[in-house]
Amino acid sequence: MVEVKNLSRQFGTFTAVDNISFQVQQGEVLGFLGPNGAGKSTSMKMITGFLAPSAGTAIINGFDIINKPLQAKREIGYLPEGAPAYPDMTVVDFLEFIAEIRNFSGTEKSKRVDSVIERVSLESVRYQLIDTLSKGFKRRVGLAQAILHDPKVLIMDEPTDGLDPNQKHEVRSLIQDMAQEKVIILSTHILEEVHAVCSRAIIIANGRLIADDTPAALEARAPNHNAVTLTLPAEQQNAASIRESLQGIAHIKELKVLEENDDWFSYLLLPKRDQSIVNQISQIAHQQQWTIKELSVARGQLDEVFRQLTV
Amino acid sequence: MNNSIGIIFRRELNGYFSTPVAYVFIVIFLFLSGVFSFYLGNFFGRGQADLQPFFTFHPWLYLFLIPALSMRLWAEERKAGSIELLLTLPIKPSDAVLGKFLATWAFTAIALALTFPMWITVNYLGSPDNSVIFAGYLGSLLMAGAFIAIGACISALTKNQVVAFIVSVVVCLLFILSGLPLVLDFFTGWAPHMVVELIRSFSFLSHFNDISKGVIDLRDLVYFFSLMVLWLFANVIVIEMKKAD
């Protein structure tokens with residue numbers, strides 16, 4: 001379990017991270033969202049013990065990162081932003097170096113290195129200098145060193161940044177495979193990723209924690225969540241009476257006319273918060289015997305929630 | 001030796017040899033130490049079977065060559081971002097500092113050991129006092145260690161290797177110059193004898209010259225070792241204080 005307690009960091013007069021607290025349990029994949037410069041990386045640097053907090057601390061499986069840094073760091077696998085490694089080493093030398101630092105030796109060391117190379121598909125570049133690797137391979141090397149010791153806590157700063165769609169998919173399925181037995185914290189600004197892998201999301205803006213919820217619950221905060229678009233053919237129907245019956249629905253917040261022309265009418269109906277209106281609309285349509293051309297329910301988009309919260 | 005110091009040490013030492021740095025350094029070091037002792041030091045003309053002209057130029061050789069070795073130690077880690085990886089691994093910052101320092105020192109020792117043809121030459125041409133020569137090598141190695149400790153600490157302050165190099169050269173130069181008549185004469189006229197001796201005592205030159213004459217004085221050993229300890233301690237503090245800047 002990772003417990004972040006009142007974490008703060010000032011750089012001069014600038015507050016990069018302002019009193020952030022949260023807990024992550026085993027089995028959770030926590031997405032760290034926020035605009036660039038919001039304090040995501042700074043928070044991760046403090047949780048992993050790279051940067052000393054101005055106040056607060058992080059407790060990694062019971063070890064305080066400030067008072068017991070070595071024990072805490074042993075529990076963590078960390079992929080820093082940009083997946084830094086030593087460019088003058090080959091992939092296998094680098095991973096062996098990491099394995100030695102992580103206290104593996106002899107056959108256990110080679111076993112760990114081999115299995116992690118297989119796990120993130122690095123066989124083809126095993127003996128290549130890290131300097132000469134493509135961005136995707138470098139990222140995988142970073143991922144390999146982070147999971148080599150099978151850490152209880154895996155922290156990744158933008159694990160899929162700069163990868164192509166196939167590579168992103170691979171990394172995400174790797175994360176999903178490991179999710180059950182670990183605490184995983186990852187930062188991203190790709191919102192589709194949150195959907196794909198995260199069981200919970202935290203939004204940070206200007207150093208402050210402004211939302212902490214499941215991706216679905218966050219989406220429900222979008223103004224157009226559960227909004228209904230209704231399109232009817234114009235023949236034999238009266239636009240004014242249709243509008244009137246729709247306005248009569250209890251949970252409707254707003255009715256927007258998208259189109260009313262000679263051929264068809266189209267309306268967007270926004271529900272009140274946390275309400276679903278599609279059932280009532282279809283009931284009315286049934287009662288009034290409207291011919292319906294199209295009826296669709298919108299899902300809230302994380303993008304919109306994100307913008308709403310952070311702009 | 002602590003396990004993680006050893007692991008860092010091996011990585012750093014291999015790092016020198018996996019890039020051209022090691023070979024360029026060794027070739028230039030051997031070439032320059034030859035040029036200095038044979039031409040400037042008048043190795044043959046003196047008609048003496050010793051390595052005095054060889055050792056005399058070591059402080060000046062180290063002044064430029066050691067900062068070139070030490071500049072990358074931390075500045076490169078900062079530049080590449082690997083410092084974040086290194087310092088989030090379960091090791092003490094002091095282990096990383098020591099491992100890196102010892103690797104560079106060991107590398108310098110290798111380069112110094114490769115000057116053995118000089119030693120063979122004097123033994124072939126005459127019968128030198130080999131204990132003086134041994135003392136010269138010891139003094140040279142200790143002085144190199146002090147230079148490296150200074151260079152490593154300064155390298156930790158910046159992510160720019162050029163800045164690390166220049167500042168290291170200047171600081172090392174101060175440590176060399178404080179023993180030269182040029183500087184000492186400036187003080188001898190008016191300053192109390194104690195002050196002059198104090199300034200002299202900071203100098204690499206005076207301590208190194210003592211040892212390379214064959215006098216292994218405890219004070220000289222203490223001087224070089226305490227200088228190393230001091231700068232390495234400062235290095236650890238710099239790393240702890242501004243890890244992420």
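Model, not experiment: these values are computed from the prediction. In what follows, every chain begins at residue 1, and chains take the letters A, B, ... in the order their sequences are listed.
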Check each atom of A/Asp93 against the heavy atoms of chain B and say whether the ones under 4.5 Å are side chain, backbone, both or neither. neither
A/Gln145 versus chain B, the contacting section by heavy-atom distance below 4.5 Å: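 The side chain, not the backbone.
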Ion pair [X]/[Y], N-O distance below 4.0 Å:
| X | Y | value |
| --- | --- | --- |
| B/Arg11 | A/Glu100 | no |
| A/Arg126 | A/Asp114 | yes |
| B/Glu76 | B/Lys79 | no |

Could you look at B/Thr19 and say if it's the side chain, the backbone, both or neither that has a heavy atom under 4.5 Å from chain A? side chain
Measuring heavy-atom distances to chain A, does B/Glu77 have an atom under 4.5 Å in its side chain, in its backbone, in both, or in neither? side chain
In a check of ring-ring contact (aromatic ring centres under 6.0 Å, His included) between B/Phe204 and each of B/Tyr62, B/Trp60, B/Phe147, which one passes? B/Phe147
Return yes if some donor-acceptor pair links the side-chain N/O of [X] with the main-chain N/O of [Y] below 3.5 Å, else return no.
| X | Y | value |
| --- | --- | --- |
| B/Ser82 | B/Arg78 | no |
| B/Ser155 | B/Trp74 | yes |
| B/Ser203 | B/Ile176 | yes |

Against chain B, work out which of A/Leu79, A/Ile76, A/Thr42, A/Ile101 has the most heavy-atom pairs shorter than 4.5 Å and name it.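 So the answer, after comparing A/Leu79, A/Ile76, A/Thr42, A/Ile101, is A/Ile101.
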How about residues 55-68 of chain A versus chain B: which residues have heavy atoms under 4.5 Å apart?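 Listed by number: none.
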Only one of A/Arg139, A/Glu170, A/Glu193, A/Gln167 forms a side-chain hydrogen bond (donor to acceptor under 3.5 Å, both in side chains) with A/Thr160, so which one is it? A/Glu193
